[in-house]
Each structure stands twice: as C-alpha cells, then as structure tokens.
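Below is one structure, written out as structure tokens, with a few remarks after it.
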Protein chains: 2
Amino acid sequence: MVKNRNKVKADENSEEKILAAAKKVLFSKGYAGARMQDIADEAGINKALLHYYFRSKEKLFEVIFKEAIGKLMPQISSIFSDPGISFNDKIRAFCNSYISTWMEHPYIPMFVLHELHSDSGKGFLKLVEETRFRPVKDVLNSIEVAVKKKEIRKVDPHQLFLNMISLCMFPFMGSPVFRKVTGISDRQFDNMMKARVDEVSEFIIESIKYRK
Amino acid sequence: MVKNRNKVKADENSEEKILAAAKKVLFSKGYAGARMQDIADEAGINKALLHYYFRSKEKLFEVIFKEAIGKLMPQISSIFSDPGISFNDKIRAFCNSYISTWMEHPYIPMFVLHELHSDSGKGFLKLVEETRFRPVKDVLNSIEVAVKKKEIRKVDPHQLFLNMISLCMFPFMGSPVFRKVTGISDRQFDNMMKARVDEVSEFIIESIKYRK
DNA sequence: TCTATTTTTAACCATTTGGTTAAACCATTT
DNA sequence: AAATGGTTTAACCAAATGGTTAAAAATAGA
C-alpha cells in the first residue's frame with residue numbers, strides 16, 4: 001500500500017536515486033561532513049549499492065563536483081564576445097543568468113567554493129582547469145573594450161569582474177547569517193533574490209556609467 | 001640544541017599553542033574535516049592534552065567559532081549611528097574596516113559561513129544570536145536616513161547592505177577559484193585586495209549618488 | 001628536600017566510517 | 001522451468017577517529 005515512501009521519486013533507477021541523494025547530502029554537509037550511510041538512507045538503498053555504482057566516496061564526489069563546477073561560469077560567453085550587444089545589456093544578461101542559476105541551485109556556490117578552499121593536496125582545483133574558462137577571458141576582454149570605447153568609465157577589469165561575481169554569488173553563501181541578522185523570512189529572502197536580478201544589474205550599470 | 005622546532009612560538013603556553021593550532025586546522029579544513037590529531041601535531045603536543053584543556057572537539061570548536069563570529073560585524077557601529085559623518089564616509093569606513101579585517105584573517109569568512117551553512121541541528125546559528133548585531137540595525141537605519149535626506153538615490157536598504165557585504169567579503173571566499181581562472185599570482189591578488197578598499201568604496205558611492 | 005598539585009604522555013578503548021564479500025533476488029532468455 | 005547475468009542486501013572488516021586512563025614528568029609549596 002505505502003509504496004512511495006522514499007524521499008526520492010520511485011520511478012528513478014538506482015543510479016539516479018543515488019546521484020540525487022548524494023547531491024542533497026554533499027551540497028549541505030560538504031565532502032568531509034557527508035556520510036556514505038546518510039546518502040544510502042536518503043536514496044532508500046543499501047550502502048553497498050553506492051560502491052557498486054560508484055567505486056568510492058571520492059569517485060562519487062568527483063561526479064557531482066564536476067557537474068557543479070560546470071555551473072560556475074554562466075553560459076553566456078557568446079553574449080560577452082558579441083560586439084553587437086551593448087555593455088549594459090551584457091551586464092544584465094550576466095546577472096540574470098548567474099543569479100537565476102543560483103536560485104535554482106542555492107547550495108552549489110558554498111559547496112564548490114568550500115571544497116576548493118579547503119583543497120589541500122586533494123587536487124580538486126585541477127578539475128577547475130579542465131573546465132572551460134574561456135568565458136572569463138571574454139568577460140575581461142569585453143570590459144577592456146568598453147572602457148576604451150568610453151562606453152563605461154575607467155575601471156580595472158579584474159576588479160569589476162570580481163564585483164559582478166561577488167554581488168551575484170555571495171548572497172547564496174551568506175544567506176543563513178543574513179537571514180539571522182536581519183530577521184527576514186525565507187519568503188522575503190526569496191523575493192529579495194528575485195528583485196536582485198535587476199537590482200544588481202542597475203547597481204553595477206549606475207556605478208560604471210561614463211560621465212563626461 | 002634544536003629547541004624551537006615546533007610550528008608555533010616556543011614561549012607560548014600549551015593552551016595558547018593549542019588555540020593557535022586549532023585555528024589553523026579548523027580554518028582551513030572546517031569542523032568536519034579537522035582531525036584532533038592534526039591539531040595536536042600542529043601544536044606539537046600530545047592529543048590527550050587537547051582534551052585536558054578543552055573537553056571535546058565541539059567545545060574547542062566553539063571557542064574558536066565564537067571568536068571568529070565576533071569579527072563578522074565590523075566595529076563601526078558608532079560611525080554609522082553618528083549623524084555628523086557623511087554617508088559616503090560611512091561607506092568608506094565600512095569597506096576599510098571590513099576588507100582590512102579579512103586581509104588579516106582571510107580564512108574566517110569561509111570558515112564561519114560554511115559552518116553556519118551546513119549547520120543542521122547543531123545549533124551554531126544560535127551563537128550568532130548571542131553576538132551583538134545592533135550594528136546591522138544601525139547600518140540599515142543609516143541607509144534609510146540617507147535616502148530620505150536625498151544624500152543618496154533611492155535604494156532598498158537590505159539590498160545595499162547585502163551589496164556592501166558581498167563586495168567586501170566574497171573575494172576572500174572565492175580567492176582559490178578566482179586565482180585559478182584569472183591566472184593571477186598570490187602577490188597580485190594581495191595587491192588587488194589592498195586596492196580594493198578604495199575600489200569598492202568608490203564603486204558603491206558612484207552607484208548610489210543622488211543625481212537630480 | 002619532601003610533598004602535593006598540575007601538566008604531559010603512552011597506551012588503550014569504543015564507535016564510526018569507508019569499503020568488501022558472499023549470498024539472495026530478480027528479470028530475461030532459452 | 002532452468003540457466004544466466006545483472007542488481008541488491010546483510011553481515012563483516014580494517015582503519016580512522018574522538019575520547020579516556022593511569023602513570024610519568026614537571027612545577028610549586030612547605
């Protein structure tokens with residue numbers, strides 16, 4: 001009678017169930033804090049099955065980590081290298097794409113950045129290299145061009161790039177503290193993030209406007 | 001002959017040695033990733049001595065975590081509630097104080113925020129409550145006043161506050177990735193952070209200027 | 001110097017944790 | 001229905017880990 005009592009969709013196969021469960025546990029606890037047993041429980045299967053599908057904790061982690069890293073850079077390289085789009089619109093596209101991604105996957109920023117931060121010798125940082133990061137060069141280049149064409153005021157491309165990422169990404173890493181110190185509810189925070197797409201775009205655009 | 005071969009100052013007493021070692025290990029690995037043996041090794045003492053001075057891992061963690069939390073809010077509440085200081089100067093004071101703090105303790109943002117993020121049931125979030133967070137109210141209030149007095153353009157206080165924190169704090173959490181994707185050296189990054197104090201201040205001030 | 005107290009250590013202990021194994025289960029083919 | 005091959009499980013195992021204990025070493029007090 002009670003058939004679908006597991007925490008994951010019943011029609012998923014075991015591998016999918018494991019991946020979904022592993023994401024949930026790893027995203028919230030991190031590699032060191034995650035327990036294989038917790039993942040098995042979450043997936044509603046036996047622990048040995050984890051090792052049947054993914055040899056080890058590290059291997060399982062790697063699969064999920066690689067996918068998460070893939071979301072680090074927004075899929076908008078084409079936009080930034082397109083000379084037909086105004087710089088302001090590029091900023092808007094960036095913020096929109098980036099913040100939307102984190103609204104869908106709010107745990108990924110903390111997960112990825114924490115693992116890379118505490119990566120002592122484990123060499124996960126090299127996985128970052130493997131990921132294509134041409135987009136970064138495109139963005140930096142695009143900023144430089146915009147400055148030269150006096151489309152925006154003079155700024156250090158690296159600093160502006162860091163500002164863009166900070167404004168879009170940080171809120172999802174600091175949300176527990178921010179919610180606590182401001183006392184806002186989950187709903188309010190969610191609304192803030194929705195508003196933030198435009199808010200941040202305009203905040204940046206307003207700041208880098210070229211004024212004669 | 002070889003007397004001072006430990007990684008910590010020799011003239012420190014054991015308790016201080018342990019605290020210094022625990023900070024180093026905990027800050028870089030996080031609670032779940034830290035090993036009591038690693039802390040003991042780092043301090044150059046026996047593992048049992050850890051438990052002699054601090055009953056348990058959790059207790060030791062709590063001491064260090066509380067101190068770290070204390071640095072979360074800059075010690076500038078007086079500045080923000082002082083009506084004699086221009087809003088722009090308040091921004092400058094905030095960025096200066098905040099970024100300087102993280103340059104001295106670059107591991108704290110990731111450490112504190114990660115623990116609070118993955119705080120499921122452990123109740124470390126309640127330690128945030130115990131810390132005085134009146135400063136937050138002062139900042140939010142100060143923003144509201146500045147908007148009303150048309151000292152700055154109309155902004156959502158919460159969003160601006162979040163922008164300020166994001167711009168100052170994020171770089172120290174994302175530094176490994178940022179360094180990797182941009183290819184800049186440790187020295188360059190350090191210089192960037194030094195420049196960032198003014199860079200971020202002006203970035204914000206420029207964005208929220210009241211323009212008739 | 002002898003005693004009492006505090007500090008430090010080596011050796012253990014119990015539990016947790018990632019991982020393995022051999023058997024059971026199940027679906028498909030013959 | 002029997003054989004086959006992939007899937008799942010219960011029971012184990014060895015190493016790691018947080019924590020304890022009893023004794024040794026150092027320190028202070030008389």
Side-chain angles (χ1 to χ4, degrees), chain A residues 3-65 115 118 120-124, chain B residues 2-26 28-65 115 118 120-124:
Chain A
K3 194 79 175 298
N4 198 356
R5 71 194 183 300
N6 290 337
K7 284 164 193 163
V8 285
K9 276 182 264 150
D11 53 338
E12 285 175 326
N13 64 34
S14 292
E15 197 171 341
E16 285 168 338
K17 281 201 281 186
I18 291 170
L19 279 173
K23 270 183 209 171
K24 195 169 173 183
V25 175
L26 281 170
F27 285 175
S28 97
K29 306 268 192 80
Y31 180 82
R35 299 286 155 254
M36 293 299 265
Q37 189 60 60
D38 292 344
I39 296 174
D41 291 349
E42 179 71 33
I45 49 105
N46 188 287
K47 182 170 63 106
L49 207 58
L50 295 184
H51 293 92
Y52 176 76
Y53 282 103
F54 308 86
R55 283 180 54 82
S56 64
K57 187 185 181 183
E58 216 167 311
K59 283 277 202 309
L60 175 55
F61 169 82
E62 215 173 291
V63 171
I64 283 154
F65 189 67
E115 297 308 334
S118 61
S120 37
K122 291 224 173 174
F124 295 141
Chain B
V2 180
K3 195 78 177 297
N4 198 356
R5 70 193 184 302
N6 289 337
K7 284 165 192 160
V8 286
K9 277 183 262 151
D11 54 339
E12 285 176 326
N13 63 33
S14 292
E15 196 171 340
E16 286 167 338
K17 282 201 281 186
I18 291 169
L19 279 174
K23 269 182 209 171
K24 195 169 172 182
V25 175
L26 281 170
S28 96
K29 306 268 193 80
Y31 180 82
R35 299 286 156 251
M36 293 299 265
Q37 188 60 59
D38 293 344
I39 296 175
D41 291 348
E42 180 70 34
I45 50 103
N46 188 287
K47 183 171 63 111
L49 207 59
L50 294 183
H51 293 92
Y52 176 77
Y53 282 102
F54 308 86
R55 282 180 53 84
S56 64
K57 186 184 182 184
E58 215 169 313
K59 284 277 203 310
L60 175 56
F61 169 82
E62 214 173 293
V63 172
I64 283 153
F65 189 68
E115 297 308 334
S118 61
S120 38
K122 291 223 171 176
F124 295 140

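Values below: all heavy atoms of this structure, side chains included; hydrogens, waters and symmetry mates excluded.
At D:dT7, none of the side-chain N or O atoms of A:Ser14 fall inside 4.0 Å of OP1 or OP2 (strictly under the cut-off).
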* Structure fact -> Secondary structure of DNA chain C per the Watson-Crick/G-U criterion (both distances under 3.5 Å; [ ] crossing, | other strand, . unpaired) is ||||||||||||||||||||||||||||||
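Of the residues near DNA chain D, B:Lys57 and A:Tyr53, the one whose nearest nucleotide (by heavy atom distance) lies more toward the 5' end is A:Tyr53.
For B:Asp41 and B:Lys47, the salt-bridge test fails: no basic side-chain N is under 4.0 Å from an acidic carboxylate O.
Among the atoms of the strands shown, none is found under 4.0 Å from any heavy atom of B:Phe54. Counting any heavy atom pair closer than 4.0 Å across all strands shown, A:Ile45 reaches sugar-phosphate atoms only and no base atom. Here B:Ala32 lies out of heavy-atom contact (under 4.0 Å) with every strand. Residue A:Ala40 is classed as having no contact, given no heavy-atom separation below 4.0 Å to the nucleic acid.
In this entry the distance linking CD of B:Glu58 with C1' of D:dG19 reads 13 Å, nearest Å. Between B:Met36 atom CE and C:dT16 atom C1' there is a gap of 16 Å when expressed in whole angstrom units. Taking atom CG of B:Asp41 as the reference point, atom P of C:dA10 lies 12 Å away to the nearest angstrom. Going from atom CD1 of B:Ile39 over to atom P of D:dG18 covers 8 Å, rounded to whole Å. Spacing between atom CG of A:Leu49 and atom P of C:dC25 amounts to 16 Å, rounded to whole angstrom units.
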* Structure fact -> Counting primed atoms, P, OP1 and OP2 as sugar-phosphate and everything else as base, the B/S/- map of nucleotides 20-29 of chain D against protein heavy atoms under 4.0 Å is BB--------
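A 4.5 Å side-chain heavy-atom check between B:Lys17 and B:Ile45 finds at least one atom pair inside the cut-off.
In the set D:dG18, D:dG19, D:dG6, D:dG18 carries the atom at the smallest distance from any side-chain atom of B:Arg35.
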